[in-house]
J.: 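Below is a structure I'd like to ask you about.
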Amino acid sequence: MANKREREKRARENVALQYKKSTGKLLPFYGWAIAVLAAVIVCYFFNWVYVYNSDYGIEVKASGFSFIAAALSGKYYSADKIYGDLAMPFYYYAESSCETLGAVTLTAFILIILTIIVLIIAIITKLQGFSFVSVALSLTSSIMLIVTFIVALGMKNDKILSVYCGGNPKCTIGSSAVLPAVLAICATAVQWFAARKLNKIYKEYNDKIAKL
């Protein structure tokens, strides 16, 4: 009887050790996701929205951080350089779009920061159950960034092109927000893959324990 218990104990220890090794292989995925999300944050320096003239290039522009600063302070009308060219023409001719863009941009940024924090916690504590939380946060931020791109391009329907640009056919509204959106989707995919693998490993572990 004692030998049987000892064998069961060793078997459980072996299963637990295999589980630990298998889950440990997933930790690098969280590091990669953090790196991609860090790149997304860098992309906030890019032109979230701009007016492009085929003769002169980009005439006026505002970065993602410009919209964050404006959303936090409410100073979309400020002429300060930190806000880019938000006051004119964007906020002056597309007030509603700018405020929407500011709110969505800020929300996405906060979600990205929270995702990184959760991933760091998962790596440090090795409590990989947090990965399911990070997937939800990352997915939501990805959707929000897609919305920012759509809203930015939607400014073509405001008065910027028709009034500020005087209906000049050489002027168009552009946005670089598509790049951080794509990167955020990639980061979400990496986390989803790791979470899916973790769930599979966890089920296999429980099945093996149940058979002992």
J.: Tell me, do M88 and V60 make a side-chain contact under 4.5 Å, heavy atoms counted?
T.: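 M88 does not reach V60 side chain to side chain.
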J.: Drop me the distance from I34's CD1 to L119's CG, to the nearest 0.5 angstrom.
T.: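 I34 CD1 to L119 CG: 5.0 Å, rounded to 0.5 Å.
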J.: Is the backbone N or O of I68 less than 3.5 Å from a side-chain atom of Y44, with the two atoms forming a donor-acceptor pair by type?
T.: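 Here the side-chain-to-backbone pair does not exist.
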J.: Looking at side-chain heavy atoms only, is the closest gap between I58 and V51 below 4.5 Å?
T.: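 Not touching, per the 4.5 Å side-chain cut-off.
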J.: Please check if F149 and V49 belong to a single hydrophobic cluster, counting links between Ile, Leu, Val, Met, Phe, Trp and Tyr side chain heavy atoms closer than 4.5 Å.
T.: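 The answer is no; the residues belong to distinct hydrophobic clusters.
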J.: Quick one: do V42 and I185 end up in the same hydrophobic cluster if we chain Ile, Leu, Val, Met, Phe, Trp and Tyr together by side-chain heavy atoms under 4.5 Å apart?
T.: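 Hydrophobic grouping puts V42 apart from I185.
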J.: Between the side chains of Y91 and E99, is a donor N or O closer than 3.5 angstrom to an acceptor N or O?
T.: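 There is such a pair between these side chains.
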J.: Which is it for S97 and T100 under the side-chain hydrogen bond (donor to acceptor under 3.5 Å, both in side chains) test, yes or no, and what are the steps along the way?
T.: CA-CA 5 Å; S97 295; T100 299; over 6 Å; no
J.: Are L145 and I112 close enough that some pair of their side-chain heavy atoms sits under 4.5 Å apart?
T.: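 They are in contact (side-chain heavy atoms under 4.5 Å apart), so the answer is yes.
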J.: Give, for atom OG1 of T115 and atom CD of Q191, the distance between the pair rounded to the nearest 0.5 Å.
T.: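 Reported to 0.5 Å precision, the distance equals 6.0 Å.
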J.: Strictly distance-based, threshold 3.5 Å: is any side-chain N or O of S134 a donor or acceptor partner for the main-chain N or O of V118?
T.: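 Side chain of S134 to backbone of V118: no pair is present.
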J.: Testing the basics here: between I123 and G31, what is the closest heavy-atom pair and its distance to 0.1 Å?
T.: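 For I123 and G31, the tightest heavy-atom pair comes out as CD1-N, 3.9 Å.
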J.: State yes or no: do V163 and L153 share one hydrophobic cluster built from I, L, V, M, F, W and Y residues joined by side-chain heavy-atom distances below 4.5 Å, directly or via other members?
T.: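 No, V163 and L153 fall in different hydrophobic clusters.
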J.: Checking I120 against Y30 for the side-chain contact (heavy atoms from CB on, under 4.5 Å) test, could you report, in this order, the C-alpha distance in whole Å, the side-chain angles of both residues, the deciding distance, and whether it holds?
T.: CA-CA 8 Å; I120 291 175; Y30 308 135; over 6 Å; no
J.: Could you please spell out the steps behind the side-chain hydrogen bond (donor to acceptor under 3.5 Å, both in side chains) verdict for T188 and S142?
T.: CA-CA 8 Å; T188 301; S142 299; 3.0 Å; yes
J.: Please give me the minimum heavy-atom distance between A122 and F130, naming the atom from each residue.
T.: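 Looking at all heavy atoms of both residues, the shortest contact is CB-CB, 4.0 Å.
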J.: Under the criterion side-chain contact (heavy atoms from CB on, under 4.5 Å), I'd like the reasoning laid out for I121 against L127: C-alpha separation, chi angles, the key distance, then a yes or no.
T.: CA-CA 8 Å; I121 292 174; L127 297 176; over 6 Å; no
J.: What distance do C98 atom SG and L86 atom CG have between them, rounded to the nearest 0.5 Å?
T.: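 It is 5.5 Å, given to the nearest 0.5 Å.
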J.: Are V182 and I143 connected, step by step, through hydrophobic side chains (Ile, Leu, Val, Met, Phe, Trp, Tyr) whose heavy atoms are closer than 4.5 Å?
T.: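 Not linked; separate clusters.
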J.: Check S138 against A187 and note the closest heavy-atom contact, atom names and distance.
T.: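 That closest heavy-atom pairing would be OG-C, 4.2 Å.
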J.: Within a strict 4.5 Å, meaning less than it, do heavy atoms of the S176 and Y50 side chains meet?
T.: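 Side-chain contact under 4.5 Å: yes.
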J.: Atom CD of Q128 and atom CZ of F29: how far apart are they, to the nearest 0.5 Å?
T.: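 Rounded to the nearest 0.5 Å, the CD-CZ separation comes to 10.5 Å.
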J.: Identify the heavy atoms of L183 and V36 that sit nearest to each other, and give their distance.
T.: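 Minimum heavy-atom separation between L183 and V36: O-CG1, 3.2 Å.
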J.: Can a donor-acceptor pair be found, under 3.5 Å and without considering hydrogens, that links the side chain of N168 to the backbone of K170?
T.: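 Looks like yes, one N/O pair under 3.5 Å.
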J.: Tell me whether D85 is salt-bridged to K61, with the criterion being a basic N under 4.0 Å from an acidic carboxylate O.
T.: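 Result for this pair is no, no salt bridge flagged.
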J.: Taking the ring centre of each residue, are Y92 and Y164 less than 6.0 Å apart?
T.: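 Centroid distance Y92-Y164: not below 6.0 Å, so no.
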J.: Side chains of F65 and I41, heavy atoms from C-beta outward: is any pair under 4.5 Å?
T.: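 Counting from C-beta outward, F65 and I41 do come under 4.5 Å.
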J.: Could you report the tightest heavy-atom contact between M144 and V104, atom names first, then the distance?
T.: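 Smallest heavy-atom distance, with atoms named: O-CG1, 3.2 Å.
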J.: Quick one: pull up OG1 in T107 and CG in L111 and give me the separation to the nearest 0.5 Å.
T.: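 One finds 6.5 Å between OG1 of T107 and CG of L111.
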J.: Could you tell me if the side chain of L198 sits less than 4.5 Å from the side chain of F132, heavy atoms only?
T.: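 Contact flag for F132/L198 side chains = yes.
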J.: If you take all heavy atoms of F67 and A62, which pair is closest and at what distance?
T.: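 Where F67 meets A62 most closely, the heavy atoms are CE1-CB, 3.8 Å.
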J.: Could you go through the side-chain contact (heavy atoms from CB on, under 4.5 Å) check for K156 and T172 one step at a time?
T.: CA-CA 7 Å; K156 66 182 180 181; T172 57; over 6 Å; no
J.: Hey, does P180 have a side-chain heavy atom less than 4.5 Å from the side chain of W48?
T.: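 Contact flag for W48/P180 side chains = yes.
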J.: Go through the steps for D158 and Y93 under the test side-chain contact (heavy atoms from CB on, under 4.5 Å), then give the verdict.
T.: CA-CA 7 Å; D158 291 308; Y93 292 109; 5.7 Å; no
J.: Do L179 and I146 land in one hydrophobic cluster if side-chain heavy atoms of ILVMFWY residues count as linked below 4.5 Å?
T.: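 Unlinked, L179 and I146 end up in two clusters.
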J.: Looking only at atom types and distance, does a side-chain atom of N53 sit under 3.5 Å from a main-chain N or O of D55, one as donor and one as acceptor?
T.: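 Such a contact is found between N53 side chain and D55 backbone.
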J.: With no hydrogens and no angle check, just 3.5 Å: does a side-chain donor-acceptor pair link S63 and S66?
T.: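 Result is yes, a qualifying pair exists.
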J.: So, do F90 and M155 sit near enough that their side-chain heavy atoms are less than 4.5 Å apart?
T.: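 They are in contact (side-chain heavy atoms under 4.5 Å apart), so the answer is yes.
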J.: Measuring from L37:CG to S141:OG, what's the distance to the nearest 0.5 Å?
T.: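 Going from CG on L37 over to OG on S141, the span is 6.5 Å.
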J.: Between T105 and T148, is any side-chain donor less than 3.5 angstrom from a side-chain acceptor?
T.: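 Side-chain D/A pair, T105 to T148: absent.
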